Protein chains: 2
Amino acid sequence: MPLALATRHSAHAAVVTPLPRVHTCQVCPGRHNVCAAVRSSELDRLTAMRTAQTVAPGMTFVDEGEPALHVFTVTSGVVKLFKLMSDGRRQIVGFLVAGDVFGFAPGEKYTVSAEAVSPVGVCRFPRRQLERAFTEFPGVERQLLDVITRELAAAQDQMLLLGRKTAHERLASFLLSLLRRQDNEDGSVDLPMTRTDIADYLGLTMETVSRVFTVLKGSGCIAATGSGTIHILDADALAELAEGAADDDA
Amino acid sequence: MPLALATRHSAHAAVVTPLPRVHTCQVCPGRHNVCAAVRSSELDRLTAMRTAQTVAPGMTFVDEGEPALHVFTVTSGVVKLFKLMSDGRRQIVGFLVAGDVFGFAPGEKYTVSAEAVSPVGVCRFPRRQLERAFTEFPGVERQLLDVITRELAAAQDQMLLLGRKTAHERLASFLLSLLRRQDNEDGSVDLPMTRTDIADYLGLTMETVSRVFTVLKGSGCIAATGSGTIHILDADALAELAEGAADDDA
DNA sequence: CGATCCGTTGACGGTACTCAACTACCGTGG
DNA sequence: CCACGGTAGTTGAGTACCGTCAACGGATCG
C-alpha cells in the first residue's frame, strides 16, 4: 500500500524539509507506481502539513475509540493494528510496513489501535487539512482510495484465512505473504513480530503457532536462521499447504 | 454503506430515466447523509451511464478472478459476497443490502464473487466511465472513499469475530448487527439467507449455527417467528453474549 | 407421491486451546 | 564472573469446543 505521502527515504526528514522528489516506489515492487501520479505542487503542500515522529517498540500510539484527528503513513519499521475485546482477547488486523497508510476512519473515531513492533518512523497528517487538500489535489484522494481498496481486498483474504483455513494453512499463507511483500532474493523472511503477535494475527494461540513452526521446519519447508528470520526452502510446498493440499500419504 | 449512485426508491427505473431527486438516504438511519453531497449535475451524469439489472436468487453475477469491468450498487434485495478455496470451502465476506456498493477492485480483476440471496436489483456502472467521472465530479469519488472506508472498518470487526470469538458470540454479534442495520421498531429481524450462508459468514458449520440458534431460543434471547424472521427479545443479553460475558453461574 | 432442499438433533472424533514445565536468551547487578 | 529475574519460545498432557457423519422431520415442487 504505497503512497507518495510517505516515501521510504524521507523517513526522518524534518517537518519543513521538502520531500526529496517524486521517485519510484520501492516498497511494493511490481505494483503500479502510484507515486508518479502526484505532482510536485501537491508534494510541497503535503510536506508542509506533515509531522515526522518516531515510536519505540511496544508503544501504542493510536487507540481505538479515540478521536481520529490524524492520518499516519509508515516510513520505516513495522506497525501492528489490532482490536481488543473487554476480556483481553486481541485480534491483529494487519502489519504495516514502510509506505502503508492508516488512521483514515469512517467516523469520528479510530476503529483500531496501532502499536510499534520494531522502531518505527511515521508521518502524521492532520485529517481535516488532508481532507481539505482532497478538493485541491484530487490525485491525493485517488491514491488514498487505491490504498484503502487494496487494504479491503487484503482484509477479505484474511477473512477467508480466519474463517476457513487450518492452523497449518494459516501459517503457510502468512509466511508466503511475507515472502511476497519482502521479496528478498534468497528465500529469507524477516519476522520482527513475536509468536504471540503472529498468533493474534492468525486467530491461533502462541503454542499452536510454535508447534506448526516446528512441523514446517521438520518437513523441510522452512529453516530457522537466527532470531527474527527464517529461510523459505520450498515455497511451492508451502503454497500447496496454504491452499489446503490434502496430503493423503496414507 | 449508502451511496447516491443507488437509492432505494429508484430501484427499477429504466436506464435513461433520471433519478427522482436528491433525497435523504433511508438505508442507514443515523448515519451522515452522503446523498446530500451529490449535485444534480452529477446525478444526471451518473444516471446516463448506469444499467439497471435484476438477478434471481442463487445466481452468481460476479466471479472472483474475472476482469473487473463494472461497479455495482444494490437497489433492492440481499447480495452475498464470497471467496472460494479450491476444495470448495467458502467464506462469505459480506451481505449487501439496498444502498451498498461493490466491485471496485484494487487491480484488474474482481477479488470476490457475488451471488443474489433474494431477488436482487442492481445498477451497473462501467468502471472506466465511473473513474473518468471522478475527475469531473470529485464528490462521487469522495463518496466512494467513504463507502470503502466503512467497509474496511466492518471487515476489521469481522476479523475480530472470526479470529477470536466463540460460536455463541459470533451468532449474537451477527444478529445484533442485523438488528442495527434493519432497525425495525419491534425487535424483528429478517434472515433471508440460509443457515449454510450464515455459517459461511461466521466461519462455522451449518450444524453449529443451528445448535446455537436452539440455545438462544431456549434462553429466551430470541424467538422464531415464521420462516426467515426472528424476534430479538433481549438485545442486552445478546450484547453481553456477543462480547464474551463470562456466564459464571456455577 | 417421490425428490430435493433446508433445518434440527444426536453420537463421535479431531483440531486447536488450556495449563504447565522447561529451555534459551537477554540485560542487570551482586 | 555468574547468579538472578524476566521475556520469548518450545514441548507435553489433558480437554473442550466445534466439525464430521448420520438420521430424521418439514416444506416445497414437479
Side-chain angles (χ1 to χ4, degrees), chain A residues 56-58 80 85 87-91 115 117-118 161-174 190-218 222-230 241 244 246-248 250, chain B residues 56-58 80 85 87-91 115 117-118 161-172 174 191-218 222-230 241 244 246-248 250:
Chain A
K80 61 187 175 202
M85 292 176 66
D87 59 2
R89 278 176 285 176
R90 186 178 68 157
Q91 179 65 39
E115 180 181 324
V117 172
S118 57
L161 181 146
L162 293 171
R164 288 298 175 222
K165 293 192 178 179
T166 66
H168 283 77
E169 291 163 0
R170 292 181 199 201
L171 191 58
S173 301
F174 175 63
D190 273 0
L191 289 173
M193 66 290 288
T194 66
R195 293 285 186 269
T196 304
D197 283 344
I198 296 174
D200 283 348
Y201 182 58
L202 300 179
L204 302 169
T205 59
M206 200 203 66
E207 293 92 332
T208 299
V209 169
S210 181
R211 277 184 246 272
V212 175
F213 262 117
T214 305
V215 171
L216 291 181
K217 285 173 196 161
I222 64 172
T225 56
S227 85
T229 14
I230 60 157
L241 256 181
D247 48 302
D248 43 326
Chain B
K80 60 187 175 202
M85 293 178 64
D87 59 2
R89 277 175 285 177
R90 185 178 69 157
Q91 179 64 40
E115 181 182 324
V117 172
S118 57
L161 181 148
L162 293 170
R164 288 297 175 223
K165 292 191 180 179
T166 67
H168 284 78
E169 291 163 0
R170 292 182 199 201
L171 191 57
F174 175 64
L191 289 173
M193 65 291 287
T194 66
R195 293 287 187 267
T196 304
D197 283 343
I198 297 173
D200 284 348
Y201 181 57
L202 300 180
L204 302 168
T205 60
M206 199 204 67
E207 293 91 333
T208 298
V209 170
S210 182
R211 276 185 246 272
V212 176
F213 262 117
T214 304
V215 172
L216 291 181
K217 285 172 198 165
I222 65 172
T225 57
S227 84
T229 12
I230 60 157
L241 256 181
D247 48 302
D248 43 323

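Naming convention: chains lettered A, B, ... in sequence-line order (proteins, then strands); numbering from 1 in each chain. The model shown is predicted, which means the values in this text are computed figures rather than measured ones.
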Under-4.0 Å side-chain N/O to phosphate OP1/OP2 contact, A:Thr194 with D:dA8: no
Most 5' of B:Met206 and A:Val209 on DNA chain C, judged by nearest nucleotide: B:Met206
N or O in side chain of B:Thr214 less than 4.0 angstrom from C:dT9 OP1/OP2: yes
Atom-pair distance (CG on B:Leu171; P on D:dC17), nearest Å: 17 Å
Integer-rounded Å distance: C:dT8 C1' and B:Phe213 CZ: 13 Å
Distance-only donor-acceptor test, B:Glu207 side-chain atoms vs D:dC18 base atoms, 3.5 Å: no
Separation of atom CD1 in A:Ile230 from atom P in D:dT10, rounded to whole Å: 12 Å
D:dG19 phosphate, OP1 or OP2, under 4.0 Å from B:Thr205 side-chain N/O: yes
Nucleotide D:dA8, atom C1' - distance to CG of A:Asp197 in whole Å: 11 Å
Protein-nucleotide distance (A:Arg164, atom CZ; C:dT15, atom P), rounded to Å: 16 Å
side-chain N/O A:Ser210 vs D:dG9 OP1/OP2, d < 4.0 Å: no
Presence of donor-acceptor pair under 3.5 Å, side chain of A:Arg211 and base of D:dG9: no
Sugar-phosphate only, base, or nothing, as touched by B:Gly203 at under 4.0 Å among non-hydrogen atoms: sugar-phosphate
Gap between atoms CG and P, on B:Leu191 and C:dC6 respectively (whole Å): 15 Å
Whole angstrom value for the distance that separates P of D:dG19 from CG of B:Leu162: 12 Å
Between C1' of C:dT9 and NZ of B:Lys217, the distance in whole Å: 12 Å
A:Asp197/A:Arg90 under side chain to side chain contact (heavy atoms under 4.5 Å, CB included): CA gap, chis, key distance, verdict: CA-CA 9 Å; A:Asp197 283 344; A:Arg90 186 178 68 157; 2.8 Å; yes
For B:Phe213 against B:Ile198, the heavy-atom pair lying closest together: CE1-CD1, 4.2 Å
Criterion side chain to side chain contact (heavy atoms under 4.5 Å, CB included) on B:Glu169 and B:Arg164, from CA distance to verdict: CA-CA 9 Å; B:Glu169 291 163 0; B:Arg164 288 297 175 223; over 6 Å; no
Sugar-phosphate only, base, or nothing, as touched by A:Thr166 at under 4.0 Å among non-hydrogen atoms: sugar-phosphate
Taking every non-hydrogen atom, the tightest pair across A:Ala167 and A:Thr208: CB-CG2, 3.8 Å
For the student: nearest non-hydrogen atoms of B:Leu162 and B:Arg170, plus distance: O-NH2, 3.0 Å
